[in-house]
There are 2 protein chains.
Amino acid sequence: MQGHFYRRNRGSGWWQGQFKGCGYRFTFPRRLILDVLSSSSMHLSAEDVYLEVHKKYPGVGLATVYRTLELLVQMGVVSKSDFGDGRARYEMNKGPEGQRHHHHLVCSNCGLVIDYADFIDEEAKLLKKVERGLSEKYKFEINSHLMQFYGLCEKCKGKKD
Amino acid sequence: MQGHFYRRNRGSGWWQGQFKGCGYRFTFPRRLILDVLSSSSMHLSAEDVYLEVHKKYPGVGLATVYRTLELLVQMGVVSKSDFGDGRARYEMNKGPEGQRHHHHLVCSNCGLVIDYADFIDEEAKLLKKVERGLSEKYKFEINSHLMQFYGLCEKCKGKKD
DNA sequence: CTCCTATTGATAATGGTTATCATTACCAAA
DNA sequence: TTTGGTAATGATAACCATTATCAATAGGAG
Ligand SMILES: [Mn+2]
Ligand SMILES: [Mn+2]
Ligand SMILES: [Zn+2]
Ligand SMILES: [Zn+2]
C-alpha cells in the first residue's frame with residue numbers, strides 16, 4: 001500500500017473466527033467489504049462493492065475487492081451468481097445468524113432478480129432425491145447446485161404489445 | 001467479405017425452413033456452423049466451432065461464428081452454457097429429430113461435464129410445480145430454467161488424499 | 001438477371017477480471 | 001514492546017473472451 005494508513009484492526013467475534021479457522025487474516029479491508037455485503041440485500045457487482053467501500057475508505061483498491069470476494073466465495077460466506085449482464089454478482093450467504101440459501105427468478109427483459117426461498121423445502125426434497133440418483137449412476141459426489149428460472153416480471157409481461 | 005468465394009448456397013429442407021420462418025437467410029457459413037454443431041456431441045466453445053469450420057472453409061471468420069451462435073441461441077436451436085472455465089459453451093438443442101433437453105453435472109476439479117436426462121421426469125414434475133407457485137406469487141411468466149449440479153467426478157473423487 | 005439489403009470477414013475496441021510487484025500490515029515469538 | 005517473517009494490499013499493466021465497426025459480398029424476392 002502506498003500512502004494509506006488503516007487504523008489498527010482489533011476486531012474480534014464471529015468473522016474473525018471464520019477467517020482464522022480457514023488460516024486467513026481478518027484485515028481491515030476485508031472487514032469493510034463484509035460490512036458492505038452484510039448491510040445490503042442486493043446482488044452487488046465487484047464494482048458496486050468497491051464504490052461503496054470507497055465512500056468510507058478510499059484507500060481500498062479494486063483488486064483487493066476482487067480478491068476478497070473470491071476468498072469469501074471459497075469460504076462459503078458469499079455466493080457468486082451470473083444473471084447474464086456480463087458481470088458477476090455477489091451476496092452474503094452465511095453469517096452469524098446462519099445460512100440463507102435461496103434461488104433466483106430472473107427477468108430476461110429488464111434484469112430484475114427476485115430471491116425466493118418459499119419453495120426451497122419442496123425443492124430440497126426432490127433435489128436430494130435427484131442428487132442421490134445421479135451420485136449413484138455417475139459415481140459423482142455432488143456438493144452444490146445451481147438453479148435459476150428465467151422469464152418476464154410483472155411489469156415486463158404487461159409491456160408486451 | 002474480402003477475397004473469398006462460397007459456392008452458391010442451394011440448401012433446402014428443415015434448417016432452411018427454420019431460418020426463413022424467423023426471417024433470416026440460410027447462408028453458407030451458417031450451414032457450416034450447424035454442420036459442426038450437429039455432428040458433435042460435445043460442449044463446444046465459439047473457438048472450437050471456429051477451428052472446426054475453418055478446416056473445411058478457412059474463409060469463415062470468428063465474428064460470424066459468434067454472431068451465428070447467438071442467433072441460433074435466440075432461435076432456440078442451440079443452448080449456451082457456462083461451466084466456469086471462462087468461455088461460453090454451445091451445443092445443439094433442437095433439430096429435425098426434435099428436442100434434446102437435459103441438465104448438467106459438472107466436476108469442480110477437472111471440468112468434466114456429464115449430460116443427463118435420466119431424472120428429468122422427476123425433476124420436471126417438481127420444476128412444473130415450483131414454476132406454477134412462483135408464477136402465481138411473483139406474477140412471473142417463466143419461460144426457461146437453468147439447473148446444474150457441481151461436485152467431483154469418479155476420477156477426481158479418488159484422487160483426494 | 002437485377003437490385004436491395006442482410007450478412008460477412010478483418011480488425012479494432014471493449015470491459016470485466018487477473019497477474020505483477022514493490023510496499024505495508026498482521027501477528028506470533030522473543 | 002520490539003522484531004521479523006510473510007500474508008495481504010494498491011496501483012497498474014496485462015489478459016482475453018466477446019462485441020462493435022465498416023467496407024465488401026452474397027442471398028433471394030421480384
Ligand atoms: Mn439472491
Ligand atoms: Mn449438454
Ligand atoms: Zn422485467
Ligand atoms: Zn473430475
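Proteins get letters first, then strands, A, B, ... in listed order; numbering begins at 1 in each. The analysis underlying the following values was restricted to heavy atoms, covering all of them including side chains, and did not include hydrogens, waters or symmetry mates.
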Residue whose nearest DNA chain C nucleotide is more 5′ - B:Val65 or A:Ala46: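 Nearest nucleotide further toward 5': that of B:Val65.
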Is there any protein nitrogen or oxygen under 3.5 Å from a nitrogen or oxygen in nucleotides 28-30 of chain C, and what are the pairs?
none

Take atom [atom1] of [X] and atom [atom2] of [N], then tell me their distance rounded to the nearest Å.
X       : N      : atom1 : atom2 : answer
A:Lys80 : C:dT18 : NZ    : C1'   : 11 Å
B:Leu71 : D:dT18 : CG    : P     : 17 Å
A:Phe28 : D:dT9  : CZ    : C1'   : 14 Å
A:Tyr50 : D:dA11 : OH    : C1'   : 10 Å
B:Phe19 : C:dA6  : CZ    : C1'   : 13 Å
B:Phe26 : C:dT8  : CZ    : P     : 11 Å
A:Leu69 : C:dT17 : CG    : P     : 10 Å
A:Leu62 : D:dC15 : CG    : P     : 18 Å

Any side-chain to backbone donor/acceptor pair from A:Asp48 onto A:Ser45? Under 3.5 Å, distance only.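 At least one qualifying donor-acceptor pair exists.
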If we ignore hydrogens and angles and just use 3.5 Å, is the side chain of A:Ser39 paired with the main-chain N or O of A:Asp35 as donor and acceptor?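 Yes; at least one donor-acceptor contact below 3.5 Å.
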Under the criterion side chain to side chain contact (heavy atoms under 4.5 Å, CB included), I'd like the reasoning laid out for B:Tyr116 against A:Tyr138: C-alpha separation, chi angles, the key distance, then a yes or no. CA-CA 9 Å; B:Tyr116 75 89; A:Tyr138 298 105; 3.6 Å; yes
Under the ring pair (Phe, Tyr, Trp, His ring centres under 6.0 Å) rule, collect the residues that match up with A:His101, sequence neighbours excluded.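 By the ring pair (Phe, Tyr, Trp, His ring centres under 6.0 Å) rule, A:His101 matches A:His103, A:His145.
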Would you say A:Phe26 and A:Arg31 make side-chain contact, with heavy atoms under 4.5 Å?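 Contact flag for A:Phe26/A:Arg31 side chains = yes.
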What nucleotide among C:dC26, C:dC27, C:dT7 has an atom nearest to a side-chain atom of A:Gln16?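 Of all the options, the side chain of A:Gln16 is nearest to C:dC27.
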Quick one: which of C:dA19, D:dA20, D:dG27 gets closest to the side chain of B:Ala63?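 Between C:dA19, D:dA20, D:dG27, the one nearest the side chain of B:Ala63 would be D:dA20.
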Table of protein N/O atoms under 3.5 Å from nucleotides 5-7 of chain D N/O atoms:
unit_1: D:dA7; atom_1: O4'; unit_2: A:Arg25; atom_2: NH2; d: 3.3

Would you kindly confirm whether A:Met147 and A:Phe83 end up in one hydrophobic cluster when ILVMFWY residues are joined by side chain heavy atoms under 4.5 Å apart?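 No; A:Phe83 is not reachable from A:Met147 via cluster members.
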Indicate if B:Val49 and B:Leu34 have the same hydrophobic cluster label, given that clusters are the connected sets of ILVMFWY residues with side-chain heavy-atom separations under 4.5 angstrom.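 Same cluster: B:Val49 reaches B:Leu34 through Ile, Leu, Val, Met, Phe, Trp or Tyr contacts under 4.5 Å.
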Side-chain donor-acceptor pairs under 3.5 Å in residues 67-74 of chain A, sequence neighbours left out?
unit_1: A:Arg67; atom_1: NH2; unit_2: A:Thr64; atom_2: OG1; d: 3.3
unit_1: A:Thr68; atom_1: OG1; unit_2: A:Thr64; atom_2: O; d: 2.8
unit_1: A:Glu70; atom_1: OE1; unit_2: A:Lys80; atom_2: NZ; d: 3.3

Phosphate contact (D:dT9 OP1 or OP2) by A:Thr27 side-chain N/O below 4.0 Å: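 Result: yes.
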Measure all distances between protein nitrogen or oxygen atoms and nitrogen or oxygen atoms of nucleotides 14-16 of chain C, and list the pairs falling under 3.5 Å.
unit_1: C:dG16; atom_1: OP1; unit_2: A:Arg87; atom_2: NH2; d: 2.3

Derivation of the side chain to side chain contact (heavy atoms under 4.5 Å, CB included) call for A:Asp82 and A:Arg89: CA-CA 6 Å; A:Asp82 172 20; A:Arg89 297 279 169 177; over 6 Å; no
Just checking B:Tyr24: does its OH atom have more than 12 heavy atoms from other residues, nucleotides or ligands closer to it than 6.0 angstrom?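 Open: at most 12 neighbouring heavy atoms sit under 6.0 Å from OH of B:Tyr24.
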Is it the case that over 12 heavy atoms from other parts of the model lie below 6.0 angstrom from the CD atom of A:Gln99?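 Yes, the 6.0 Å shell around CD holds more than 12 heavy atoms from other groups.
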Rounded distance [0.5 Å steps], CG in A:Leu105 versus OG in B:Ser135: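 A:Leu105 CG to B:Ser135 OG: 8.0 Å, rounded to 0.5 Å.
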Can we say A:Lys55 and A:Glu52 salt-bridge, meaning some charged N sits less than 4.0 Å from an Asp/Glu carboxylate O?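 Here A:Lys55 pairs with A:Glu52 in a salt bridge, since their nearest N and O are under 4.0 Å apart.
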Give the minimum heavy-atom separation between A:Glu91 and A:His102, together with the two atoms involved.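 The pair with the smallest heavy-atom distance is OE2-NE2, 3.1 Å.
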Pick the nucleotide of DNA chain D nearest each of B:Arg67 and B:Tyr90; which residue has the one closer to the 5' end?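 The residue mapped nearer the 5' terminus is B:Tyr90.
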Residues touching DNA chain D, which here means a heavy atom under 4.0 Å, drawn from residues 35-43 of chain A: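 By residue number: none to list.
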